[in-house]
Structures are given as structure tokens and as C-alpha cells.
Amino acid sequence: MTHCINPLSPTLGAEVVGLDLNEPLSDAVFLEIERAWQDANGVLVFRGQDLAPEAQIAFSRRLGDLEVHVAKRYLLPGHPEIYRVSTKQDANGKAMGNPESGRYWHSDLSYLDPPAKASLLYALEVPPIGGDTMFTNMAAAHDALSEPVRTMLNGLMAVHDYSYVRRMFSPGFGRSADPNQVPPVRHPVVRPHCDTGRKTIFVNPGFTTHIEGLSRHESGAVLAFLFEHATRPEFVYRHSWSVGDAVLWDNRLTMHHAVHDFYETGGVRHMHRTTVMGTKE
């Protein structure tokens with residue numbers, strides 16, 4: 001099996017060409033992929049896949065235990081490990097997946113403790129124009145902060161809440177699950193990466209409600225600054241999807257944002273996501 005790995009941007013992202021994820025990978029090849037994922041700062045694009053649900057689950061499971069999302073209505077029947085992200089409708093006119101998913105900067109499952117390790121999103125249908133996903137490198141964003149700001153952030157804790165995204169961005173999202181199953185959690189604003197120890201900014205507009213110990217005005221100002229800083233162009237890779245792309249990203253190192261700019265083109269966005277759970281440090 002011949003494959004090659006090519007960088008996609010200076011700050012994060014690489015593509016893997018010539019590797020079929022339907023086939024079990026040897027330990028040596030899997031280790032190479034893990035290293036490439038780390039070298040690419042947490043975003044790896046597998047091109048040209050025709051990925052069966054069982055194969056997506058099997059590959060993802062090699063990275064850790066898989067999540068069964070609390071929004072049960074969007075799970076793939078027979079494969080609860082797969083969460084459907086989709087604007088496609090079934091024969092009864094009901095959404096086949098979450099049509100609102102990702103229209104805001106966020107890190108998957110940051111509202112859990114521990115938060116998610118990784119996500120693998122596989123594209124079955126994509127719009128003819130638009131529908132890109134942007135990723136940002138939260139370690140590079142941290143490193144670019146001034147020393148006084150880094151000192152201020154050290155030791156601060158932020159609250160992450162599953163229901164916050166419903167109130168702020170997606171009114172229909174919260175109705176798909178019981179928010180009592182996922183009470184708010186606390187994470188450090190600056191969080192060392194579990195594998196590398198590299199410091200990352202670990203707050204996001206989707207699920208972070210406030211920073212503890214600061215007034216509402218202070219917390220809002222600090223978070224607004226961090227969100228703007230972390231999404232500066234030099235930290236961002238923008239992925240233009242093709243059918244058969246499978247994108248693996250590290251939720252501990254990146255934020256991402258699905259651009260919902262394609263509705264007027266008449267296209268649909270239909271994808272399968274597996275999410276690898278994090279582990280306690």
C-alpha cells in the first residue's frame with residue numbers, strides 16, 4: 001500500500017493520499033499516521049475514501065473509546081457511534097442529521113470532563129459551492145500571546161455548558177437532547193496538551209459561558225479578545241471538502257467552524273462523524 005503525506009498550510013493540516021481506511025492498517029502505518037497527525041498540529045485529511053460505517057468506527061476506535069452522542073435522533077441507525085451532520089432530509093422531510101452542526105467556532109465535547117480527544121468527519125455529499133470547514137491552531141495562538149497576557153491567563157478556569165450553544169447560536173440544537181445529562185464543567189483557560197504538554201487556549205464561543213472569578217464584563221472582554229485572537233488568519237486552515245474526504249482533528253489542540261454559506265446553491269452537506277473520548281490526565 002503506497003501513500004504520501006503532504007502539508008496543507010504553514011500552521012496546521014496535512015493530507016494523506018493513497019491510503020484506504022477500509023483496510024486495516026498495520027501497527028507501523030498507524031504509528032506513522034499518528035505522528036503525521038501530531039506534526040500537522042492536529043488536522044489530517046484522508047483523500048479519496050469510500051468509507052463504510054464499520055471501517056470508520058474501527059479506525060477511530062484505535063485512537064480510543066468512542067462517544068455515543070447525547071443527541072440520539074441524529075445517530076446512524078445500527079451504528080450509534082456515528083453522529084450524522086447533515087442538511088439532507090429523509091422521505092418524510094425530517095433532517096437526517098444535525099443541520100445546524102458547527103456553524104460557530106467550537107471544540108467538540110468541550111462541555112464534558114474530560115473533553116473529546118479527536119473527531120473524524122467523513123463527507124458523503126458536499127455542496128457544489130461553499131460548505132468549507134475552518135480549523136485554528138490553539139497552541140500557536142497561545143504562543144503568540146504576550147507574556148503579560150499568558151501570565152494573567154494561567155490558573156484561570158472557564159465553564160463550558162452544552163446548553164449554551166442552543167441559546168447563542170442554534171435554537172433547535174438543544175431540543176435534540178436532555179441538557180441535564182451534560183451539566184456544566186470547568187476547564188483551565190490554558191490547558192496543556194495531554195500528549196505533548198504544549199500549552200493551548202482552551203475556550204470556545206460555542207460552549208464557554210464565562211471565566212470564573214471575573215465579573216461578567218471582565219469575563220466577556222477576555223473571552224472576546226481570545227476568540228478574536230485565536231481565529232486570526234495566520235492560525236487558520238480552511239478546508240474545501242470533496243466527496244470522500246475524511247478529516248481527523250484533535251479537539252484538544254484545535255477549534256473548528258463549519259461555514260454555512262451554501263443554502264442558496266441548492267446543495268446539501270451530508271457527513272458521518274465519530275468522536276474519540278478523552279481520558280483523565
Side-chain angles (χ1 to χ4, degrees), residues 20-25 30 33 37 44 46 49-104 106-126 133 160-166 170 172-185 206-207 241 243-252 254 256 258 268-280:
D20 184 359
L21 296 185
N22 279 310
E23 300 295 328
L25 304 183
F30 188 78
I33 294 302
W37 186 43
L44 210 54
F46 298 90
Q49 302 299 310
D50 184 12
L51 198 54
E54 297 84 0
Q56 182 172 354
I57 291 168
F59 175 81
S60 303
R61 189 166 278 145
R62 291 186 72 170
L63 292 167
D65 294 334
L66 301 186
E67 173 225 18
V68 175
H69 202 281
V70 294
K72 305 296 185 186
R73 62 183 285 190
Y74 298 134
L75 302 181
L76 181 65
H79 300 284
E81 301 91 346
I82 290 181
Y83 179 70
R84 293 180 293 183
V85 175
S86 181
T87 60
K88 194 172 184 178
Q89 296 182 344
D90 63 19
N92 297 317
K94 293 184 178 181
M96 296 180 66
N98 184 356
E100 299 295 322
S101 184
R103 61 164 61 240
Y104 40 84
H106 68 290
S107 172
D108 290 337
L109 310 191
S110 75
Y111 52 80
L112 296 182
D113 186 17
K117 175 180 179 179
S119 298
L120 179 64
L121 188 62
Y122 169 58
L124 291 97
E125 296 183 47
V126 299
T133 299
H160 297 241
D161 188 346
Y162 171 79
S163 63
Y164 183 64
V165 67
R166 173 188 61 189
S170 304
F173 181 70
R175 291 196 296 270
S176 63
D178 179 4
N180 293 323
Q181 297 179 34
V182 278
V185 300
F207 300 116
W241 290 89
V243 171
D245 283 353
V247 180
L248 176 70
W249 66 83
D250 188 333
N251 287 290
R252 306 160 301 179
T254 67
H256 60 285
V268 299
R269 189 172 183 264
H270 185 61
M271 301 181 172
H272 285 173
R273 191 188 85 189
T274 43
T275 304
V276 183
M277 301 298 295
T279 55
K280 288 284 188 180

How close do Pro99 and Tyr74 get, counting heavy atoms only, and between which atoms? CD-OH, 4.1 Å
Hey, is the main chain of Ala258 close enough, under 3.5 Å, to the side chain of Arg269 for a donor-acceptor pair? no
Suppose we screen for side-chain contact (heavy atoms from CB on, under 4.5 Å). Which residues come up paired with Thr254, at least two apart in sequence or across chains? Leu12, Val43, Trp249
Met277: partners by side-chain contact (heavy atoms from CB on, under 4.5 Å), with sequence neighbours left out: Glu67, Leu109, Leu112
Non-neighbouring partners of Ser86 that pass side-chain contact (heavy atoms from CB on, under 4.5 Å), sequence neighbours left out: Lys88, Met96, His270
Quick one: are Leu66 and Val276 in side-chain contact, heavy atoms under 4.5 Å? yes
Minimum heavy-atom distance between Gln49 and Leu21, given as atom pair plus value: OE1-N, 2.8 Å
Working note: Arg84 + His272, criterion side-chain contact (heavy atoms from CB on, under 4.5 Å); need CA distance, chi angles, decisive distance, verdict. CA-CA 5 Å; Arg84 293 180 293 183; His272 285 173; 3.8 Å; yes
NE2 of His106 to OH of Tyr111, rounded to nearest 0.5 Å, is 8.5 Å
pair Phe207-Val182: side-chain heavy atoms closer than 4.5 Å: no
For residues Lys117 and Asn251, determine if any side-chain heavy atom of one lies less than 4.5 Å from a side-chain heavy atom of the other. no
All heavy atoms of Ala118 vs all of Leu248, minimum pair found to be CB-CD1, 4.1 Å
Minimum-distance pair of heavy atoms, taken over all atoms of Ala71 and Tyr162: CB-OH, 4.4 Å
Side chain proximity check, Asn22 to Leu51, heavy atoms < 4.5 angstrom: yes
Non-hydrogen atoms of Ser110 and Pro115 that approach each other most closely: CA-CB, 4.0 Å
Residues, nucleotides or ligands: over 12 heavy atoms within 6.0 Å of Asp50 CG: no
Would you say Leu44 and Ile33 make side-chain contact, with heavy atoms under 4.5 Å? yes
Got Ile82 and Tyr122 here, is their nearest side-chain heavy-atom distance under 4.5 Å? no
Polar side chain donor-acceptor pair, Ser119 to Asp108, under 3.5 angstrom: yes
Minimum side-chain heavy-atom gap Asn98-Arg273 below 4.5 Å: no
For the student: nearest non-hydrogen atoms of Tyr83 and Ser101, plus distance: CE2-OG, 4.4 Å
Is there side-chain contact between Leu63 and Leu120, with heavy atoms separated by less than 4.5 Å? no
Identify, with sequence neighbours excluded, every residue that meets ring-ring contact (aromatic ring centres under 6.0 Å, His included) alongside Trp37. none
For Phe46 together with Phe59, are the ring centres under 6.0 Å from each other? yes
Just jot down the salt bridge (charged side-chain N to carboxylate O under 4.0 Å, His left out) partners of Arg252, sequence neighbours excluded, or say none. Asp195, Asp250
Donor-acceptor pair, Asp161 side chain versus Ser163 backbone, under 3.5 Å? yes
Could you tell me which residues satisfy side-chain contact (heavy atoms from CB on, under 4.5 Å) with Val268, sequence neighbours excluded, listed by chain and number? Thr87, Glu125
